[in-house]
There are 2 protein chains.
Amino acid sequence: MPNETWQPPPVLLTVDLVILTLRSSTLHVLVIERGIAPYKGHWALPGGFISDAGEDIVDAARRELREEADLDATSLHLEQLGTYGRPDRDPRGRIVSVAHLAIAPGLPEPEAGTDASAASWCPVEEFTSGRRSLAFDHHQILDDGLERARTKIEHTSLATAFCDETFTITDLQRVYEAVWGFELDPRNFYRKVQAVPGFLTPVGSDRRTTRGRPARLFQAGPEHLLRPPMMRPLPPDQNPPTQSETK
Amino acid sequence: MPNETWQPPPVLLTVDLVILTLRSSTLHVLVIERGIAPYKGHWALPGGFISDAGEDIVDAARRELREEADLDATSLHLEQLGTYGRPDRDPRGRIVSVAHLAIAPGLPEPEAGTDASAASWCPVEEFTSGRRSLAFDHHQILDDGLERARTKIEHTSLATAFCDETFTITDLQRVYEAVWGFELDPRNFYRKVQAVPGFLTPVGSDRRTTRGRPARLFQAGPEHLLRPPMMRPLPPDQNPPTQSETK
DNA sequence: GCAAAAGTGTTTTCACTACACCCATGT
DNA sequence: ACATGGGTGTAGTGAAAACACTTTTGC
């Protein structure tokens, strides 16, 4: 162990953001086009350095959310995702990034032309399919953020963070389908979500904007942990053998 | 946004470790008695500064595991838990800590008197009950580590990391009971774990030395994700109302 | 034999799937 | 009327809790 007079090497700390939203029933992530080196001209996740020595990490994430995405962090879901510190992850030197996951309701228009000039929503499928790439280790961070979202909507009420203040059950179903990547039975989904105590609170009025029968409106309930959880079926690549089959 | 000539403030990075193990069917955490200020003489989680600018974060965690706990990180479960950076968390200044969770099989004896003089296993209940306290924000880190362990043994094979190379099903049940804090039915547990494909692999030879019928020995199977998961029942503080009751 | 721990069978309950069917609205 | 999306009934399936019961050891 180093002795008392030894001084540890300082590092530079950044925050990076995986900001997810739903746009026309498709999962999108906010990316920016880098204006400076390294990776100038490449796509990257929004983020930046901790601004001063007294700034809390989550406050830095909130600030970047406002500066780079023009989003109000007080009304958004925001959680820490993980810390990425591979020594070679940034060619400028030892830069450690604390990644965060943010969930926003679907905004009707892309980002207004504010401080962040080159920010835009992009379907996550562009990146997961490999058609587009991301700077630094941001592909890894995006993958981790997507996996976090997929598992968290199973047993927490995180899916409501993708919706507006009030929403229909079908709206919520679109969230699950977009995040998980497959379709669900609407009738069973309808009852399943309502059977979870505290998940949804009915609000008096209905919504009649489309044709067809008007849908009841709900808002997020008081419960954050879903019991029973909304378990996703395993993808049908192969049916797992049960205990009895090995008999 | 700061202009190009602005330099971000460097911070000091540490790693802290929540090392959990089972000792006589009780969950224990490794704590050290601090020999230097701040919090001199108080209990704290093992940890230390990143040693040089090229050291990966997880390597630093492995190094601390070896230096402070005399544990070989290659045979242990080790994962990142989260990053703690409240500006006032350390009176020495801006020190950000990347906390890790480590799981060790039950060692027969406490730590050998190696580099870490004052390290000792302590039942976690001493801290969760408030009888003992921890330095810095380590109480928060411990709570987060415990919660991570509780949820991860539900849907991953993490519980096997508490066991030796080979173990009986009852050994594994003790892990679940210690981490969750309540007892399970041994007969149902016996079948439930074996019904999860890939969770356990029977090792040919059986037996073990207690009185009573000898138990079959198993080792951890190839599957890391448990499907179906080992769901814990909700604590019986109150039975949640189902959908039909609100009718 | 008896206690203790391992392992099995069986019943009941309950959640989930699949799908037929009814309801309320716009055009 | 009929298309469209919202909402309900119900039978079949499988997982899990509860618990009686059998097996295999040490003493």
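Chain identifiers are assigned alphabetically (A, B, ...) following the order of the sequence lines, protein sequences preceding nucleic acid strands; residue numbering begins at 1 within each chain. What you see is a predicted model, and the numbers here were worked out from it, not measured in a lab.
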Whole-Å gap separating C1' (dC19(C)) and CZ (F189(A)) = 19 Å
Mind calculating the distance between CG (L184(A)) and P (dG5(D)) to the nearest angstrom?
-> 17 Å
Between P of dA24(C) and CG of L217(A), the distance in whole Å | 17 Å
List for me each residue that meets side chain to side chain donor-acceptor pair (under 3.5 Å) alongside T74(A), sequence neighbours excluded, and say none if there are none.
-> D72(A)
More than 12 heavy atoms of other residues, nucleotides or ligands under 6.0 Å from CD of E147(B): is that the case?
-> yes
Using only side-chain N and O atoms of T170(A), determine if any of them is under 4.0 Å from OP1 or OP2 of dG6(D).
-> yes
So, is Y190(A) near the phosphate of dT8(D), with a side-chain N or O under 4.0 Å from OP1 or OP2?
-> yes
Who are the side chain to side chain donor-acceptor pair (under 3.5 Å) partners of Y176(B), not counting sequence neighbours?
-> none
Roughly how many Å is it from CZ in R227(B) to P in dG14(D), rounded to a whole number?
-> 18 Å
For atom CD1 of I169(A) and atom C1' of dG7(D), their distance in whole Å | 9 Å
Whole Å only: how far is the CG atom of L200(A) from the P atom of dG7(D)?
-> 12 Å
Answer yes or no: is there a side-chain heavy-atom contact under 4.5 Å between Q173(B) and E183(B)?
-> no
For L65(A), the option from L76(A), V15(A), D70(A) that meets side chain to side chain contact (heavy atoms under 4.5 Å, CB included) = L76(A)
More than 12 non-hydrogen atoms from neighbouring residues, nucleotides or ligands closer than 6.0 Å to CZ on R131(B), yes or no?
-> yes
R232(B) CZ to dA16(D) C1': how many Å, rounded?
-> 17 Å
Nucleotide by nucleotide, nucleotides 17-27 of chain D touches protein heavy atoms under 4.0 Å in the pattern (B base, S sugar-phosphate only, - none) BBBB--BBBS-
Considering just the side-chain nitrogens and oxygens of R216(A), establish if one lies under 4.0 Å of OP1 or OP2 belonging to dT8(D).
-> yes
